[in-house]
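What follows is one structure encoded as structure tokens, with my remarks underneath.
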Amino acid sequence: MIRHIFIGVIKPGVDEEKINERLEVMKNIGKSVPQVSNLAVGRNLNWYTQQDALALVGDFKDKEDWLAFINSDYHQEKLNKVAGEVFDMEKSLGYEYEF
């Protein structure tokens, strides 16, 4: 199994409506990308790290399923293309690991 973790650091000054829209788009990945399983999406509570961010954790059967997600129309059009509107991509992080 492959676990994909994305931490999207929210740019200062982005309004709550835009943040909530982005959160909903991230939560709906599973409806359009069947390769993702065990999807968890939420906003940082700032208990440990004082950085306003949205976090996504999704599991994939293998690298091919992860690549199918990354290259999907949903990821390209609804996530990747507009990510810079909400996230500071210089500070945002993505990780994958096998478990």
Side-chain angles (χ1 to χ4, degrees):
M1 293 289 291
I2 304 295
R3 179 156 288 163
H4 172 66
I5 300 171
F6 173 73
I7 308 297
V9 177
I10 299 168
K11 289 179 178 178
V14 175
D15 66 53
E16 288 297 314
E17 183 178 347
K18 195 154 212 59
I19 294 168
N20 289 331
E21 286 173 8
R22 180 79 352 223
L23 189 60
E24 286 306 309
V25 167
M26 291 169 70
K27 286 180 178 180
N28 286 314
I29 290 170
K31 293 178 183 174
S32 297
V33 182
Q35 292 87 353
V36 67
S37 63
N38 300 319
L39 181 68
V41 178
R43 190 166 183 177
N44 186 25
L45 298 173
N46 296 324
W47 293 348
Y48 182 72
T49 304
Q50 301 302 308
Q51 199 165 45
D52 201 9
L54 301 183
L56 175 145
V57 177
D59 295 338
F60 299 86
K61 180 179 68 179
D62 52 29
K63 184 178 181 181
E64 288 74 27
D65 278 1
W66 179 78
L67 286 170
F69 159 65
I70 291 299
N71 294 314
S72 71
D73 289 341
Y74 194 89
H75 186 268
Q76 293 300 315
E77 295 297 320
K78 299 219 182 240
L79 297 172
N80 210 31
K81 191 182 240 183
V82 296
E85 294 176 9
V86 175
F87 300 128
D88 179 336
M89 297 308 290
E90 295 284 320
K91 295 179 181 175
S92 297
L93 303 169
Y95 301 99
E96 295 77 40
Y97 65 90
E98 196 167 21
F99 67 101

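Residues Gln35 and Ala68 share a closest heavy-atom pair of NE2-CB, 3.5 Å. Minimum interatomic distance between Ser92 and Val9 (heavy atoms only, all atoms of both residues): OG-N, 3.0 Å. Shown here for Ser37 and Met1, the closest heavy-atom pair between the two residues is OG-CE, 4.1 Å. Among all heavy-atom pairs drawn from Ile2 and Asp62, the shortest one is CG1-C, 3.7 Å.
Among residues two or more places apart in sequence or in another chain, the side-chain hydrogen bond (donor to acceptor under 3.5 Å, both in side chains) test is passed with Glu77 by Lys81. Remark: Ala55 engages Ile7 in a side chain to side chain contact (heavy atoms under 4.5 Å, CB included) (not counting sequence neighbours). Annotation: ring-ring contact (aromatic ring centres under 6.0 Å, His included) contacts of Phe69 (sequence neighbours excluded): His4, Phe60, His75. For the salt bridge (Lys or Arg N to Asp or Glu O under 4.0 Å) test, residues two or more places apart in sequence or in another chain that qualify with Glu85 are Lys18. In this structure, the salt bridge (Lys or Arg N to Asp or Glu O under 4.0 Å) partners of Arg43, at least two apart in sequence or on a different chain, are Glu16, Asp52. Listed by chain and residue number, Asn44, Gln51 satisfy the side chain to side chain contact (heavy atoms under 4.5 Å, CB included) test with Thr49 (two or more places apart in sequence, or in another chain). Residues that satisfy the side chain to side chain contact (heavy atoms under 4.5 Å, CB included) test with Leu67, not counting sequence neighbours, are Lys63, Asn71.
The salt bridge (charged side-chain N to carboxylate O under 4.0 Å, His left out) pairs that include a residue from residues 3-15 are Arg3-Asp59, where partners are two or more places apart or lie in different chains. Applying the ring pair (Phe, Tyr, Trp, His ring centres under 6.0 Å) test to every pair with at least one member in residues 12-41, sequence neighbours left out, gives no pairs at all. Sorted by first and then second residue, the ring pair (Phe, Tyr, Trp, His ring centres under 6.0 Å) pairs with a member in residues 5-50 read Phe6-Phe87; sequence neighbours excluded.
Ile5 and Ile10 fall into different hydrophobic clusters, where Ile, Leu, Val, Met, Phe, Trp and Tyr are joined by side-chain heavy atoms under 4.5 Å apart, directly or via other members.
Distance check: Leu39 CG to Leu56 CG gives 5.0 Å after rounding to the nearest 0.5 Å. To the nearest 0.5 Å, the span separating CZ on Arg22 from CD on Glu17 amounts to 13.0 Å.
Asp73 CG: 12 or fewer foreign heavy atoms inside a 6.0 Å radius.
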Show every donor-acceptor pair shorter than 3.5 Å between a side-chain atom in residues 23-30 and any protein atom, with sequence neighbours excluded, or say none if there are none.
| residue | atom | partner | partner atom | Å |
| --- | --- | --- | --- | --- |
| Asn28 | OD1 | Lys31 | NZ | 3.0 |
| Asn28 | ND2 | Glu24 | O | 2.9 |

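Between the side chain of Gln76 and the main chain of Ile70, a donor-acceptor pair closer than 3.5 Å is present.
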